[in-house]
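Okay, structure first, notes after.
When reading the values below, keep in mind they use all heavy atoms of this one structure, side chains included, and skip hydrogens, waters and symmetry mates. Within every chain, numbering begins at 1; the chains are lettered A, B, ... in the order of the sequence lines, protein sequences first and strands thereafter.
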Amino acid sequence: MPELPEVEVTRLGFADRIAGARIEAVRLGKPLRWPLGLDPLLLVGRTVASVRRRGKYLLLDMDRGLLLLHLGMSGSLGFNSLGLPEPGSHDHFDLVTSRGSLRLNDPRRFGAVVYADAETAPEAVKLLGRLGVEPLSEGFLLDAFHAGLKRRKAPVKQVLLAGDVVVGVGNIYASEALFMAGIRPTLSAARISRPRAARLFEAVREVLALAVRKGGSTLRDFSNTEGQSGHFQLEAMVYGRQGQPCRVCGTPIRQIRQGQRATFFCPSCQKA
DNA sequence: CACGGATCCTGATGGC
DNA sequence: TGCCATCAGGATCCGT
(Lines give C-alpha, C1' and ligand atoms only; values in the text may rest on other atoms or scores of the structure.)
Protein backbone atom coordinates (compact mmCIF):
# COMPACT_ATOMS: atom_id res chain seq x y z
CA MET A 1 0.00 0.00 0.00
CA PRO A 2 2.18 2.80 1.16
CA GLU A 3 4.98 4.14 -0.95
CA LEU A 4 7.26 6.93 0.15
CA PRO A 5 4.63 9.71 0.01
CA GLU A 6 2.11 7.80 2.11
CA VAL A 7 4.77 6.97 4.69
CA GLU A 8 5.92 10.58 4.79
CA VAL A 9 2.38 11.89 5.15
CA THR A 10 1.85 9.40 7.96
CA ARG A 11 5.02 10.60 9.65
CA LEU A 12 4.03 14.25 9.38
CA GLY A 13 0.69 13.37 10.93
CA PHE A 14 2.04 12.30 14.30
CA ALA A 15 5.75 13.12 14.59
CA ASP A 16 5.25 16.41 16.42
CA ARG A 17 2.49 15.04 18.58
CA ILE A 18 4.43 12.04 19.87
CA ALA A 19 7.77 13.80 20.35
CA GLY A 20 8.71 13.93 24.03
CA ALA A 21 6.12 11.33 25.01
CA ARG A 22 6.79 8.64 27.57
CA ILE A 23 5.89 5.08 26.57
CA GLU A 24 3.42 3.69 29.05
CA ALA A 25 2.28 0.43 27.51
CA VAL A 26 2.64 -1.73 24.44
CA ARG A 27 0.10 -4.16 23.05
CA LEU A 28 0.92 -6.76 20.43
CA GLY A 29 -1.62 -8.49 18.18
CA LYS A 30 -0.85 -11.19 15.67
CA PRO A 31 2.77 -11.55 14.57
CA LEU A 32 3.91 -9.32 11.74
CA ARG A 33 6.56 -9.98 9.16
CA TRP A 34 9.57 -10.15 11.44
CA PRO A 35 8.49 -11.26 14.89
CA LEU A 36 11.96 -10.49 16.26
CA GLY A 37 11.58 -10.70 20.00
CA LEU A 38 9.97 -7.33 20.53
CA ASP A 39 9.76 -7.10 24.31
CA PRO A 40 7.03 -4.65 25.42
CA LEU A 41 8.59 -4.36 28.87
CA LEU A 42 11.79 -3.16 27.26
CA LEU A 43 9.98 -0.16 25.77
CA VAL A 44 7.87 0.97 28.70
CA GLY A 45 9.40 3.98 30.41
CA ARG A 46 11.38 5.14 27.42
CA THR A 47 10.80 8.49 25.77
CA VAL A 48 10.14 9.06 22.06
CA ALA A 49 12.52 11.75 20.88
CA SER A 50 11.66 12.09 17.19
CA VAL A 51 10.21 10.30 14.18
CA ARG A 52 12.26 10.01 11.02
CA ARG A 53 11.69 8.24 7.71
CA ARG A 54 14.15 6.16 5.72
CA GLY A 55 12.71 4.87 2.45
CA LYS A 56 9.41 3.31 3.47
CA TYR A 57 10.50 2.75 7.07
CA LEU A 58 9.52 4.98 9.96
CA LEU A 59 12.15 5.32 12.67
CA LEU A 60 10.98 6.18 16.16
CA ASP A 61 14.04 7.42 18.00
CA MET A 62 13.85 6.95 21.74
CA ASP A 63 16.06 8.16 24.53
CA ARG A 64 17.64 4.80 24.10
CA GLY A 65 17.20 2.58 21.05
CA LEU A 66 14.77 2.97 18.17
CA LEU A 67 11.74 1.28 16.68
CA LEU A 68 11.57 0.56 12.96
CA LEU A 69 8.05 0.43 11.56
CA HIS A 70 7.11 -0.76 8.10
CA LEU A 71 3.58 -0.65 6.72
CA GLY A 72 4.01 -3.40 4.14
CA MET A 73 1.26 -3.54 1.51
CA SER A 74 -1.78 -2.92 3.64
CA GLY A 75 -0.63 -1.19 6.82
CA SER A 76 -1.66 2.16 8.24
CA LEU A 77 -0.90 4.03 11.42
CA GLY A 78 -3.34 6.00 13.50
CA PHE A 79 -2.50 8.35 16.34
CA ASN A 80 -5.16 9.19 18.90
CA SER A 81 -4.48 11.79 21.58
CA LEU A 82 -7.35 10.62 23.73
CA GLY A 83 -6.96 6.89 23.74
CA LEU A 84 -7.76 3.79 21.75
CA PRO A 85 -10.96 1.85 21.18
CA GLU A 86 -10.88 -1.92 21.60
CA PRO A 87 -8.47 -3.42 19.09
CA GLY A 88 -9.91 -5.00 15.96
CA SER A 89 -8.61 -8.20 14.44
CA HIS A 90 -6.10 -6.33 12.27
CA ASP A 91 -4.72 -4.05 14.97
CA HIS A 92 -1.35 -5.65 15.62
CA PHE A 93 0.63 -3.05 17.51
CA ASP A 94 -0.30 -0.30 19.99
CA LEU A 95 2.15 2.13 21.51
CA VAL A 96 0.43 3.84 24.40
CA THR A 97 2.22 7.04 25.45
CA SER A 98 1.71 10.01 27.71
CA ARG A 99 0.68 12.11 24.70
CA GLY A 100 -1.54 9.65 22.90
CA SER A 101 -1.59 6.23 21.33
CA LEU A 102 -0.12 4.98 18.08
CA ARG A 103 -1.86 2.00 16.49
CA LEU A 104 -0.73 -0.12 13.54
CA ASN A 105 -3.51 -1.74 11.52
CA ASP A 106 -2.34 -4.19 8.86
CA PRO A 107 -4.72 -6.80 7.40
CA ARG A 108 -2.10 -8.60 5.32
CA ARG A 109 0.59 -8.46 7.98
CA PHE A 110 3.44 -7.77 5.58
CA GLY A 111 4.38 -4.87 7.82
CA ALA A 112 6.92 -4.97 10.62
CA VAL A 113 7.85 -3.54 13.99
CA VAL A 114 11.47 -4.09 14.90
CA TYR A 115 13.49 -2.85 17.85
CA ALA A 116 17.17 -1.95 17.55
CA ASP A 117 19.54 -0.58 20.18
CA ALA A 118 21.00 1.78 17.59
CA GLU A 119 20.79 2.47 13.89
CA THR A 120 24.13 0.72 13.58
CA ALA A 121 22.89 -2.39 15.38
CA PRO A 122 22.56 -5.55 13.25
CA GLU A 123 18.75 -5.57 13.38
CA ALA A 124 18.63 -2.09 11.86
CA VAL A 125 21.45 -2.58 9.40
CA LYS A 126 19.77 -5.71 8.09
CA LEU A 127 16.73 -3.66 7.11
CA LEU A 128 18.27 -0.32 6.19
CA GLY A 129 21.75 -1.24 5.07
CA ARG A 130 21.13 -1.75 1.38
CA LEU A 131 18.72 1.09 0.81
CA GLY A 132 19.50 3.58 -1.93
CA VAL A 133 19.50 7.35 -1.73
CA GLU A 134 16.51 9.42 -0.57
CA PRO A 135 14.90 10.94 -3.68
CA LEU A 136 13.69 14.09 -1.90
CA SER A 137 17.02 14.81 -0.24
CA GLU A 138 19.93 16.91 -1.44
CA GLY A 139 21.91 13.69 -1.63
CA PHE A 140 19.91 12.63 -4.69
CA LEU A 141 22.26 13.54 -7.52
CA LEU A 142 21.93 12.97 -11.24
CA ASP A 143 25.46 11.61 -11.75
CA ALA A 144 25.06 8.90 -9.15
CA PHE A 145 21.51 8.10 -10.29
CA HIS A 146 22.62 7.64 -13.89
CA ALA A 147 25.61 5.58 -12.79
CA GLY A 148 23.28 3.41 -10.72
CA LEU A 149 21.04 2.78 -13.72
CA LYS A 150 24.03 2.06 -15.94
CA ARG A 151 25.15 -0.90 -13.93
CA ARG A 152 21.75 -2.63 -14.00
CA LYS A 153 20.62 -4.67 -16.96
CA ALA A 154 17.10 -5.31 -15.63
CA PRO A 155 14.09 -3.35 -16.91
CA VAL A 156 14.14 0.20 -15.54
CA LYS A 157 10.76 -0.24 -13.82
CA GLN A 158 12.12 -3.10 -11.74
CA VAL A 159 15.31 -1.21 -10.93
CA LEU A 160 13.24 1.67 -9.58
CA LEU A 161 11.20 -0.76 -7.48
CA ALA A 162 14.24 -2.58 -6.12
CA GLY A 163 15.14 0.39 -3.96
CA ASP A 164 18.88 0.04 -4.00
CA VAL A 165 19.47 2.87 -6.47
CA VAL A 166 16.78 5.17 -5.12
CA VAL A 167 14.31 4.39 -2.31
CA GLY A 168 10.61 4.97 -1.92
CA VAL A 169 9.41 4.45 -5.50
CA GLY A 170 6.70 1.81 -5.35
CA ASN A 171 4.54 0.24 -8.00
CA ILE A 172 2.26 3.21 -8.61
CA TYR A 173 4.86 5.94 -8.72
CA ALA A 174 7.24 3.83 -10.83
CA SER A 175 4.65 3.72 -13.62
CA GLU A 176 3.80 7.39 -13.14
CA ALA A 177 7.42 8.57 -13.15
CA LEU A 178 8.27 6.56 -16.26
CA PHE A 179 5.28 8.06 -18.03
CA MET A 180 6.35 11.53 -17.01
CA ALA A 181 9.83 10.83 -18.34
CA GLY A 182 8.56 9.28 -21.59
CA ILE A 183 10.46 6.03 -20.99
CA ARG A 184 9.13 2.52 -21.69
CA PRO A 185 9.13 0.51 -18.42
CA THR A 186 10.62 -2.52 -20.14
CA LEU A 187 13.74 -0.70 -21.28
CA SER A 188 16.93 -2.02 -19.72
CA ALA A 189 18.15 0.51 -17.14
CA ALA A 190 21.67 0.24 -18.52
CA ARG A 191 20.52 1.53 -21.90
CA ILE A 192 19.07 4.80 -20.66
CA SER A 193 20.87 7.78 -22.14
CA ARG A 194 22.07 10.71 -20.09
CA PRO A 195 19.30 13.11 -21.15
CA ARG A 196 16.64 10.51 -20.48
CA ALA A 197 18.18 9.66 -17.10
CA ALA A 198 17.94 13.37 -16.32
CA ARG A 199 14.24 13.37 -17.22
CA LEU A 200 13.61 10.32 -15.07
CA PHE A 201 15.57 11.88 -12.22
CA GLU A 202 13.31 14.92 -12.29
CA ALA A 203 10.18 12.82 -12.78
CA VAL A 204 10.89 10.71 -9.70
CA ARG A 205 11.36 13.82 -7.60
CA GLU A 206 8.32 15.57 -8.99
CA VAL A 207 5.89 12.69 -8.74
CA LEU A 208 6.89 11.91 -5.16
CA ALA A 209 6.96 15.54 -4.03
CA LEU A 210 3.56 16.16 -5.61
CA ALA A 211 2.08 13.11 -3.91
CA VAL A 212 3.40 14.27 -0.53
CA ARG A 213 1.85 17.69 -1.10
CA LYS A 214 -1.43 16.08 -2.05
CA GLY A 215 -1.46 13.96 1.08
CA GLY A 216 -0.60 10.61 -0.45
CA SER A 217 -2.43 8.36 -2.86
CA THR A 218 -5.63 6.50 -2.07
CA LEU A 219 -5.98 4.19 -5.02
CA ARG A 220 -7.25 1.77 -2.47
CA ASP A 221 -7.20 2.30 1.20
CA PHE A 222 -4.66 4.86 2.27
CA SER A 223 -5.71 7.27 4.95
CA ASN A 224 -3.53 9.52 7.06
CA THR A 225 -3.33 9.50 10.83
CA GLU A 226 -6.42 11.71 10.97
CA GLY A 227 -8.37 9.16 8.96
CA GLN A 228 -8.64 11.51 5.99
CA SER A 229 -8.05 10.25 2.48
CA GLY A 230 -5.50 11.58 0.07
CA HIS A 231 -6.47 12.24 -3.51
CA PHE A 232 -3.51 11.34 -5.70
CA GLN A 233 -5.65 8.93 -7.70
CA LEU A 234 -7.39 11.88 -9.29
CA GLU A 235 -4.09 12.66 -10.95
CA ALA A 236 -2.88 9.22 -12.03
CA MET A 237 -1.79 9.41 -15.67
CA VAL A 238 -1.38 5.68 -16.31
CA TYR A 239 -1.74 3.61 -13.14
CA GLY A 240 -4.93 1.57 -13.20
CA ARG A 241 -6.00 3.15 -16.51
CA GLN A 242 -5.50 0.18 -18.87
CA GLY A 243 -7.67 0.55 -21.97
CA GLN A 244 -8.51 4.17 -21.20
CA PRO A 245 -7.16 6.94 -23.43
CA CYS A 246 -3.83 8.50 -22.56
CA ARG A 247 -4.45 11.91 -21.03
CA VAL A 248 -1.81 13.38 -23.37
CA CYS A 249 -2.28 11.67 -26.75
CA GLY A 250 -5.43 9.54 -26.49
CA THR A 251 -3.75 6.21 -27.23
CA PRO A 252 -5.16 3.41 -25.04
CA ILE A 253 -3.05 2.79 -21.93
CA ARG A 254 -1.51 -0.66 -21.89
CA GLN A 255 -1.04 -2.98 -18.93
CA ILE A 256 1.73 -5.57 -18.71
CA ARG A 257 3.24 -7.68 -15.94
CA GLN A 258 6.83 -7.33 -14.75
CA GLY A 259 8.11 -9.44 -11.88
CA GLN A 260 4.59 -10.32 -10.72
CA ARG A 261 3.64 -6.64 -10.60
CA ALA A 262 1.29 -4.72 -12.86
CA THR A 263 2.88 -2.02 -15.02
CA PHE A 264 0.99 0.64 -16.96
CA PHE A 265 2.28 2.78 -19.81
CA CYS A 266 1.31 4.69 -22.93
CA PRO A 267 2.74 2.90 -25.97
CA SER A 268 2.85 6.17 -27.87
CA CYS A 269 4.26 8.62 -25.31
CA GLN A 270 6.76 6.16 -23.86
CA LYS A 271 9.45 4.97 -26.21
CA ALA A 272 11.87 2.13 -25.71
C1' DC B 1 26.51 -10.64 -8.25
C1' DA B 2 22.35 -9.89 -10.80
C1' DC B 3 18.16 -11.66 -12.14
C1' DG B 4 13.54 -14.07 -12.17
C1' DG B 5 10.32 -16.45 -9.55
C1' DA B 6 8.08 -18.06 -5.40
C1' DT B 7 6.53 -16.61 -1.06
C1' DC B 8 4.50 -14.50 3.32
C1' DC B 9 -1.06 -13.03 4.54
C1' DT B 10 -5.90 -11.42 4.13
C1' DG B 11 -9.59 -9.16 1.64
C1' DA B 12 -11.92 -7.58 -2.52
C1' DT B 13 -13.57 -8.60 -6.91
C1' DG B 14 -15.23 -10.98 -10.94
C1' DG B 15 -16.68 -15.21 -13.51
C1' DC B 16 -19.52 -19.22 -13.47
C1' DT C 1 -25.66 -17.15 -2.81
C1' DG C 2 -21.53 -20.06 -3.10
C1' DC C 3 -17.17 -21.32 -4.86
C1' DC C 4 -12.96 -20.56 -7.07
C1' DA C 5 -9.35 -17.99 -9.25
C1' DT C 6 -7.00 -13.77 -9.51
C1' DC C 7 -5.19 -9.67 -7.92
C1' DA C 8 -3.51 -6.03 -4.50
C1' DG C 9 0.54 0.12 -3.28
C1' DG C 10 6.27 -4.62 -0.42
C1' DA C 11 10.36 -6.94 0.23
C1' DT C 12 12.98 -11.17 1.20
C1' DC C 13 14.84 -15.57 0.00
C1' DC C 14 16.30 -19.11 -3.13
C1' DG C 15 17.96 -21.19 -7.30
C1' DT C 16 20.40 -20.29 -11.55
>> Please convert DNA chain C into dot-bracket. A pair counts if it is Watson-Crick or G-U wobble with both distances under 3.5 Å; crossing pairs go in [ ] and bases paired with another strand get |.
In response: .|||||||.|||||||
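Rounded to an integer number of Å, the gap from CD of A:Q255 to P of C:dT6 is 15 Å. Summarising the geometry, the separation between NZ on A:K157 and P on C:dA11 is reported as 13 Å, rounded to the nearest angstrom. Per the geometry, CZ belonging to A:F110 stands 15 Å off P belonging to C:dC7, to the nearest Å. If you take CE of A:M73 and P of C:dA11, they are 10 Å apart, rounded to a whole angstrom. Atom CG of A:D164 and atom P of C:dG10 are 15 Å apart (whole Å). A:L160 places its CG atom 16 Å from the C1' atom of C:dA11, with the value rounded to the nearest Å. Put simply, CZ on A:R109 is 19 Å from P on C:dT12, counting in whole angstrom units. Note: CG (A:L69) to C1' (C:dA11) measures 16 Å, nearest angstrom.
With 3.5 Å as the limit, one finds a donor-acceptor pair spanning the side chains of A:D117 and A:Y115. Side-chain contact, A:D61 with A:S50: a donor N or O sits under 3.5 Å from an acceptor N or O.
When each of A:R130 and A:Q260 is assigned the nucleotide of DNA chain B with its nearest heavy atom, A:R130 is the one assigned upstream, toward the 5' end.
Side-chain atoms of A:H70 never come within 3.5 Å of backbone atoms of A:G75 as a donor-acceptor pair (strictly under, hydrogens ignored). Put simply, the side chain of A:R103 never gets that close to the backbone of A:N80: no donor and acceptor are under 3.5 Å apart.
Nearest nucleotide to the side chain of A:Y57, out of C:dT12, C:dG10, C:dA8: C:dT12.
Looking at heavy-atom distances under 4.0 Å, A:A262 makes contact with sugar-phosphate atoms alone, never a base.
One finds no side-chain N or O of A:H70 lying less than 4.0 angstrom from the OP1 or OP2 phosphate oxygen of C:dG10. Between A:R261 and C:dG10, a side-chain N or O to OP1/OP2 separation shorter than 4.0 Å is present.
Between A:Y239 and A:F264, the ring-plane angle classifies as perpendicular under the 30° and 60° cut-offs.
Using atom C1' as the reference point in both C:dA11 and B:dA12, the two lie 22 Å apart (nearest Å).
Using a cut-off of 4.0 Å between Lys/Arg side-chain N and Asp/Glu carboxylate O, A:K56 and A:E3 are scored as not salt-bridged.
Taking 4.0 Å as the cutoff to heavy atoms of chain A, we find the contact window on DNA chain B bounded by B:dC3 to B:dG11.
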